[in-house]
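Here's the structure we're looking at; comments come further down.
Every number for a ligand or one of its atoms is a count from 1 in the order of the listing.
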Amino acid sequence: MLNDEGKVLLIRHRNGTWVFPKGHVEPGESKADTAVREVEEEAGVQSVAIDPRQTWQTEYVNPRREGRRITWYLLRTNAREAILREAIFPHGGFYPPEEALTMLAFDEDRGTLKQVLRAARRAGLLPDAATGETA
Ligand code: ATP
């Protein structure tokens, strides 16, 4: 999730880990719709998928020993702040990409963010880090 300032939305689980919003697909819903809905529910942010065909995957095993495969989308918003609604995620907000990379708790998520940032730069959605030019 990127906002119009090029900042990244992260939420902090009550166990202290910083993550991206995500959740389970509901019947009749596309995965891109799930992403948009979960961001709204968990972070109070309205967004749209830039290109629902472009996705990134991560896999991990959660503490209940369940294998998880997550499909990620690049979402855009004009929001500047998160509105936290769920007790399980008491904090969150938009952070500069470099800071977000240091905050994220899981290697898989850092890897995804790096790839998403590259795609966003290519699409002209972020300033080019190498030249400092703005899109
Ligand atoms: P739900 O099943 O409703 O999505 P959940 O919060 O248990 O609920 P999971 O993604 O299944 O969601 O599990 C999250 C837990 O898995 C986190 O508390 C975290 O400690 C652990 N975990 C381990 N590796 C990762 C990772 N790469 N990304 C996210 N969570 C991870």
Whether Phe89 and His13 hold their rings parallel, tilted or perpendicular, with breakpoints at 30° and 60°: perpendicular
Give a yes/no on ligand 1: does Asn15 have at least one heavy atom closer than 4.0 angstrom to it? yes
Closest to atom 3 (O) of ligand 1 among protein heavy atoms sits His24 NE2, 3.3 Å
The protein heavy atom nearest to atom 20 (O) of ligand 1 is Phe106 CZ, 3.8 Å
Can you tell me if Pro63 has a non-hydrogen atom under 4.0 Å from ligand 1? yes
Report yes if some N/O of His13 lies less than 3.5 Å from some N/O of ligand 1; otherwise report no. no
What residues, two or more places apart in sequence or in another chain, satisfy side chain to side chain contact (heavy atoms under 4.5 Å, CB included) together with Val25? Glu29, Lys31, Thr34
Under 3.5 Å between any N/O of Asn62 and any N/O of ligand 1: does that happen in this structure? yes
Atom 6 (O) of ligand 1: closest protein heavy atom, distance to 0.1 Å, is Lys22 NZ, 4.7 Å
Please list, chain by chain and in numerical order, all residues satisfying salt bridge (charged side-chain N to carboxylate O under 4.0 Å, His left out) with Arg118, sequence neighbours excluded. none
Under 3.5 Å between some N or O of ligand 1 and some N or O of Arg68? yes
Side chain, backbone, both or neither: which part of Thr17 comes within less than 4.0 Å of ligand 1 when only heavy atoms are counted? neither
Ligand 1 versus Glu66: contacting region, heavy-atom distance under 4.0 Å: neither
For atom 27 (N) of ligand 1, what's the nearest protein heavy atom and its distance? Glu108 OE1, 2.9 Å
